[in-house]
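Model, not experiment: these values are computed from the prediction. The figures here come from the full heavy-atom set of this structure, side chains too, leaving out hydrogens, waters and symmetry mates.
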Number of protein chains: 2
Amino acid sequence: MEFDDKVPIYYQIEQYINREIIVGNLAPGDQVPAVRQLALTLTVNVNTIQRALAELIRDGILVSERGKGNFVTTDTAVLAQMKQRVIEDELAETYDHLAGLGMAPAEMVAALEGYIKERKEGGSHD
Amino acid sequence: MEFDDKVPIYYQIEQYINREIIVGNLAPGDQVPAVRQLALTLTVNVNTIQRALAELIRDGILVSERGKGNFVTTDTAVLAQMKQRVIEDELAETYDHLAGLGMAPAEMVAALEGYIKERKEGGSHD
DNA sequence: ACTAGTGTTCTAGTTTGCTATTACACCGCT
DNA sequence: AGCGGTGTAATAGCAAACTAGAACACTAGT
């Protein structure tokens, strides 16, 4: 996995797990890959995995069972809330950044539409 | 100024200066506040300011004149390019994050519109 | 010359994120 | 009891980001 070296890896892993849950690659009750396995596939240290999971466990997204593994909570309310929070945070960040650039809300939407269009046509985006 | 402790301060200052230029608070040829002054107003060390400015100077956004100050370049082409890059980077980041959440382009636009609407009505957003 | 304002550089020290490695604790199966 | 899977914890070491503080270099005005 590729990491942005401007933000802590443990934080990016948190978001990664959240995404896997939201997209459905990890369903409620599913076991998360073992910490040592995650460390291998993400090519980071076990401690870093642990740190990321610790936050998710604290938030109730994951449930840890010693000797067995880490599992996605079956509390769908918590998961739904997480999903909403993740999306809203993303939109809020975009909004704030663009507003900081002096853009009006309508312009933001137009800019995003334009970007999507460009991206479809040009295709020359990384 | 408030900083996100998840990303390096010097990087956030870079973006801050870029924003000041884009919005027009800093016009081409304008002198940027003195490094010691910036350090005070942003409550950060001079070295950190220096590091942020160094990158902007390297990119040609700012021009440094020893003994006089740092100035916004008068090369409007460079500034225009910077503005475009900043905006595009922002949109690209949003796009990638939302795509990673399984969202289709049309949904992204809808989500942003929805967020803006919520924000206008509710008003209870930090 | 002096002074005040500016950018520049350097050293030392702290904190944080990450790695490597080891050890420990628990579960389930045989 | 033993073994192999799992999570958990602790130590030590490294590098990056930031701070504090001092010193240096240049410019402009007196």
Side-chain angles (χ1 to χ4, degrees), chain A residues 1-18 20-21 26-75, chain B residues 1-18 20-21 26-75:
Chain A
M1 181 168 169
E2 283 186 7
F3 294 106
D4 180 350
D5 63 356
K6 290 283 198 308
V7 9
I9 293 177
Y10 73 87
Y11 187 69
Q12 296 182 59
I13 294 177
E14 262 186 78
Q15 296 175 314
Y16 165 71
I17 305 276
N18 278 336
E20 288 292 287
I21 295 174
L26 285 175
D30 274 5
Q31 177 169 5
V32 175
V35 292
R36 289 174 184 79
Q37 183 56 45
L38 276 175
L40 280 179
T41 57
L42 301 182
T43 59
V44 296
N45 192 272
V46 180
N47 294 314
T48 307
I49 299 290
Q50 199 69 15
R51 175 157 186 185
L53 297 188
E55 310 243 322
L56 293 168
I57 291 165
R58 185 175 49 73
D59 294 350
I61 311 291
L62 298 184
V63 176
S64 173
E65 297 186 30
R66 198 189 189 106
K68 299 210 264 185
N70 292 304
F71 302 84
V72 179
T73 183
T74 52
D75 185 336
Chain B
M1 180 170 170
E2 282 186 7
F3 294 107
D4 179 350
D5 63 355
K6 288 284 195 312
V7 8
I9 294 177
Y10 73 86
Y11 187 69
Q12 297 181 60
I13 294 178
E14 262 186 77
Q15 297 176 314
Y16 166 72
I17 304 277
N18 278 336
E20 287 293 289
I21 295 174
L26 284 175
D30 273 6
Q31 177 168 3
V32 175
V35 291
R36 290 175 183 78
Q37 183 56 46
L38 277 176
L40 280 181
T41 57
L42 300 182
T43 57
V44 139
N45 192 271
V46 180
N47 294 313
T48 306
I49 298 290
Q50 199 71 8
R51 173 156 187 185
L53 297 187
E55 309 244 320
L56 293 168
I57 290 165
R58 185 174 50 72
D59 293 349
I61 311 290
L62 299 184
V63 176
S64 172
E65 295 186 33
R66 197 190 189 106
K68 298 211 264 185
N70 292 306
F71 301 85
V72 179
T73 183
T74 52
D75 186 335

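For B:Thr43 (side chain) and B:Leu40 (main-chain N/O), no donor-acceptor pair under 3.5 Å exists by modelled atom type. With B:Asn45 contributing its side chain and B:Asn47 its backbone, the two residues share a donor-acceptor pair below 3.5 Å. Panel note: side chain A:Gln12, backbone A:Val7; a donor-acceptor pair is recorded below 3.5 Å. Side-chain N or O atoms of A:Gln50 include none that pairs as donor or acceptor with a backbone N or O of A:Val35 at under 3.5 Å. A:Gln31 contributes a side-chain N or O that, together with a main-chain N or O of A:Lys68, makes up a donor-acceptor pair within less than 3.5 Å.
The nearest pair of heavy atoms linking A:Pro33 to A:Leu38 is O-CD1, 3.6 Å. B:Tyr10 and B:Ala52 get closest at one heavy-atom pair: O-CB, 3.3 Å.
Put simply, CD1 on B:Ile21 and OH on B:Tyr16 are 11.0 Å apart, with the number rounded to the nearest 0.5 Å. If you take CD1 on B:Ile9 and CG on B:Asp4, they are separated by 10.0 Å, rounding to the nearest 0.5 Å. Note that the CG atom of B:Leu56 and the CG atom of B:Asn70 stand 9.5 Å from one another [nearest 0.5 Å].
Checking the phosphate oxygens (OP1, OP2) of C:dG17, no side-chain nitrogen or oxygen of A:Thr48 falls inside 4.0 Å. Taking 4.0 angstrom as the limit, B:Arg51 places a side-chain polar atom (N or O) nearer than this to OP1 or OP2 of D:dA17.
Spacing between atom CD of A:Gln50 and atom P of D:dT6 amounts to 13 Å, rounded to whole angstrom units. Taking atom CZ of residue B:Phe71 and atom P of nucleotide C:dG5, one finds them 16 Å apart after rounding to whole Å. For B:Ile49 and C:dG7, the CD1 to P distance is 10 Å, given to the nearest whole Å. The nearest whole Å value for the distance from the CG atom in B:Leu38 to the C1' atom in D:dC18 is 17 Å. If you take CD of B:Gln31 and P of D:dT27, they are 14 Å apart, rounded to a whole angstrom. Computed from coordinates, the A:Glu65 CD to D:dG5 C1' distance equals 14 Å when rounded to whole Å. Atom CG of B:Leu40 is separated from atom C1' of D:dA20 by 14 Å (rounded to the nearest Å). In this structure, the CD atom of A:Gln37 is 18 Å from the P atom of D:dG4, given to the nearest Å.
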Original post:
Reading nucleotides 10-15 of chain D 5' to 3', which nucleotides get B (base under 4.0 Å from a protein heavy atom), which S (sugar-phosphate only), which -?
Top reply: B-----
**OP:** Quick one, give me the B/S/- string for nucleotides 22-30 of chain C, reading 5' to 3', where B means a protein heavy atom under 4.0 Å from the base and S means that only happens at the primed atoms, P, OP1 or OP2.
**Re:** -B-BBSS--
Original post:
Please walk me through it: do A:Val72 and A:Ile61 pass side-chain contact (heavy atoms from CB on, under 4.5 Å)?
Top reply: CA-CA 6 Å; A:Val72 179; A:Ile61 311 291; 5.6 Å; no
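Listed by residue number, the members of residues 5-17 of chain A with any heavy atom below 4.0 angstrom from DNA chain D form an empty set.
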